[in-house]
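In what follows, a structure is listed as structure tokens, so that the remarks can point back to it.
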Amino acid sequence: MQTVLTDSAGLGAAMRGAAAQAVLPLQPADIEQLIAPSSRMSGGQRLAVYQRGYFARLLECMAGQFRVLKQALGEELFEDFAREYLAVYPSETYTLGELGARFAQFLAETRPDLDAPPEEREAWPDFMIDLARLERAAFVVFDAPGSEQQPAVDWSAVADAALRLAPGCELLRFRYPVNGYYQAVYRGENPPLPPAQLNFLAITRVNFQLVMFELQPLQFQFLQQLQQGRTVQEAVAMLATQLEMGQVPAEVLWRIWRAKWLPRGFFVAS
Amino acid sequence: MDATYYQQQVQKLPKLGLGLGLRHAHFNYILEQWPAVDWFEIISENFIDSGGRPRYVLDQLAERYPLVMHGVSLSVGSTDALNFDYLSRLKQLARAIRSAWVSDHLCWTGAMGLNTHDLLPVPLTEETLAHIVGRVRVIQEFLERPLILENPSTYLSFAHSTISEPEFLARLAEETGCGLLLDVNNVYVTCFNNDLDPLAYIDALPADRIVQMHLAGHQHCGTHIIDTHDREVLSPVWALFQRAWQRTGGVATLLEWDSQIPPFPEYHAELLKARQFMNELPPALTARPVVEAETGVVSNPLSFLTPGIMTEEPIIASSRG
């Protein structure tokens, strides 16, 4: 029953399909022996209620989790991708929170120009994949464990050595400026797809509100160092070397960033 | 612990009054107004992994209202092994928010490692009953409390079923001591879809095992009824509610509204209509149902289960580094 319900083909095609046949080799006519008819519907018609419901219910969830992507792709194309995604990557956990976890990966795996050389590929799939990654990351950070319930910290008294990147701080690198597009859609706008431009983003949370923070490439590299477990001191040293600016200017730059990032939930004190 | 122990626990569960489902769309209203609702029911899966605002809001509500946890992923009828990680999370949250009880459905949601996130019907046979009895016993031992199981809405029945659904539930309760959540709208939907008498269904249930009732709206599609949870309670369901209220002596009752969710005051007002129907039948009982096409509606909608991270308020700030 499950194999038939979760197949995006019609009921008969799903029953004849390899997946259903591997579980239970039945023909569509056999349904009437397994499922009792009602006074108004055959067994097959009754089973079809569940099949229609399976996709309709989960597509609604996908649309809720990828609202901006749905606008970018258009309703019909979004549903086509989401339906195929659910067929390839059906839910395997108790929570719908994981439903969209592999959607960006699926879009990358099934892009129409997958076999073309990179320089010949179309731009729009890259944009859509970036957008899916952004929406998924925002969804995760929104409900991830955060530091809101921890005792208030007097940041002026916290030494650099005690600073750690907050566990919920997500660092993302995009090929397109998807954050601007994302924000515009949530303002109720219908923005055009922007041209390619590297976009670096940190997503954090303060008082249970998401903060989308656009970064310069150097800031992104700096924060990545912290994410990889390096100390602030080590990351500042990297900064000094990379820019050939020397230790003191790097320290000054870090002080400016520290003041800006601390109230934005980038760090926890260890 | 044996069935008698859990049955005694069920008898001690409180009559909480009239409650509402906790929905993300109402978080702000509740935190600002603290409305006079007797109790709230949460969807367990919505909160067991939450480390963000949903859990923060829930903790505040737990200080002011009785709470009940209602799950949709237990899959008690499945042949897959029980998920003890999931059960641990349920147990942990139930303790943290002092959940009055923990409920789920007589159904399976998936097999072979998949989750359809639907409440699928089980064949009502001796074999299935024995299987589910065994699982309920394990679950109750693990959770250290009786499990409360709800009758689902069903759109089909299996040709080889040999036991009626109310008898199946009654025997399950007898053999395990578990409690029952009687969804009177589901009774109406299931009975229409399976050509059964809904009043006879309710009368066949053991009233002393019923801990809670659910009310909800549905859509009549002519050949079948879909349990849409997207509108007010229809008069035939109020009639069933009246019968069940009389039979149970007035157990905790909750209105589900999961799609096209109205503003909180409207939702609450619909719940309070229950007071009119506790002791007498509604006058429009025999009104002809409005028949609509199935297009665009689903049973037991899911989309309300995941938080809309930006639908309620401007919680996104965008800054430049």
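All chains are named by letter (A, B, ...) in the order of the sequence lines, taking the proteins before the strands, and each is independently numbered beginning at 1. Small disclaimer: the values here were computed from a predicted structure and weren't measured.
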Residues A/Cys61, B/His117; criterion side-chain contact (heavy atoms from CB on, under 4.5 Å); working and verdict: CA-CA 11 Å; A/Cys61 286; B/His117 297 282; over 6 Å; no

Structural part of B/Thr154 lying under 4.5 Å from a heavy atom of chain A: both

Interface moiety of B/Ser153 toward chain A, non-hydrogen atoms closer than 4.5 Å: backbone

Residue pair A/Ser38, B/His224: steps toward the side-chain hydrogen bond (donor to acceptor under 3.5 Å, both in side chains) verdict: CA-CA 9 Å; A/Ser38 74; B/His224 59 293; over 6 Å; no

Greatest number of heavy atom pairs closer than 4.5 Å to chain B - which of A/Leu59, A/Leu86, A/Thr95, A/Ile203: A/Thr95

Spatial distance of atom CZ (B/Phe158) from atom CG (A/Leu34) [nearest 0.5 Å]: 8.5 Å

SB check A/Arg40 B/Asp195 (cutoff 4.0 Å): yes

From A/Leu96 atom CG to B/Ser73 atom OG, the distance as rounded to the nearest 0.5 Å: 7.0 Å

Least distance between heavy atoms, B/Ile226 atom then A/Val49 atom: CD1-CG1, 3.8 Å

Heavy-atom neighbours of A/Tyr89 OH exceed 12 at 6.0 Å: yes

Non-hydrogen atoms of A/Tyr94 and B/Asn83 that approach each other most closely: CD2-ND2, 4.0 Å

A/Arg187 portion near chain B, given a 4.5 angstrom heavy-atom threshold: neither

Under 3.5 Å side-chain donor-acceptor pair for A/Ser91 and B/Asn115: no

Residue B/Ile48 versus chain A: region with a heavy atom under 4.5 Å: side chain

Proximal component of B/Phe192, with respect to chain A [non-hydrogen, under 4.5 Å]: both

Which of B/Gly113, B/Ala111, B/Gly222, B/Gly110 touches chain A most, by non-hydrogen pairs under 4.5 Å: B/Ala111

B/Pro54 side chain near A/Phe142 side chain, heavy-atom distance below 4.5 Å: yes

B/Leu119, part contacting chain A, at a heavy-atom distance under 4.5 Å: backbone

Full working for side-chain hydrogen bond (donor to acceptor under 3.5 Å, both in side chains) between B/Arg53 and A/Asn207: CA-CA 8 Å; B/Arg53 187 163 187 261; A/Asn207 295 328; over 6 Å; no

Residue pair A/Asp143 / B/Gly52: nearest heavy atoms and the distance that separates them: OD1-N, 3.1 Å

Geometric class of the A/Tyr50/B/Tyr155 ring pair [parallel <30°, tilted 30-60°, perpendicular >60°]: perpendicular

Donor-acceptor under 3.5 Å (A/Arg46 side chain, B/Asn193 main chain): yes

Pairing residues for A/Pro37 by the side-chain contact (heavy atoms from CB on, under 4.5 Å) criterion, not counting sequence neighbours: none

Greater than 12 external heavy atoms within 6.0 Å of A/Glu189's CD: yes

Part of A/Gln149 lying under 4.5 Å from any heavy atom of chain B: side chain

Exercise: identify the closest heavy-atom pair between B/Leu114 and A/Glu92: CD2-CG, 3.8 Å

Within 6.0 Å of CD in B/Gln60, more than 12 heavy atoms from elsewhere: yes

Gap separating the CG atom of A/Leu47 from the CG atom of B/Leu156, nearest 0.5 angstrom: 6.5 Å

Option in A/Gly53, A/Ala144, A/Gly146, A/Pro90 with maximal non-hydrogen atom pairs under 4.5 Å from chain B: A/Ala144

Heavy-atom pair with the smallest gap, counting every atom of A/Arg205 and B/Gly51: NH2-O, 3.1 Å

Worked check of side-chain contact (heavy atoms from CB on, under 4.5 Å) between B/Asp118 and A/Arg57: CA-CA 9 Å; B/Asp118 202 352; A/Arg57 299 162 86 242; 3.4 Å; yes

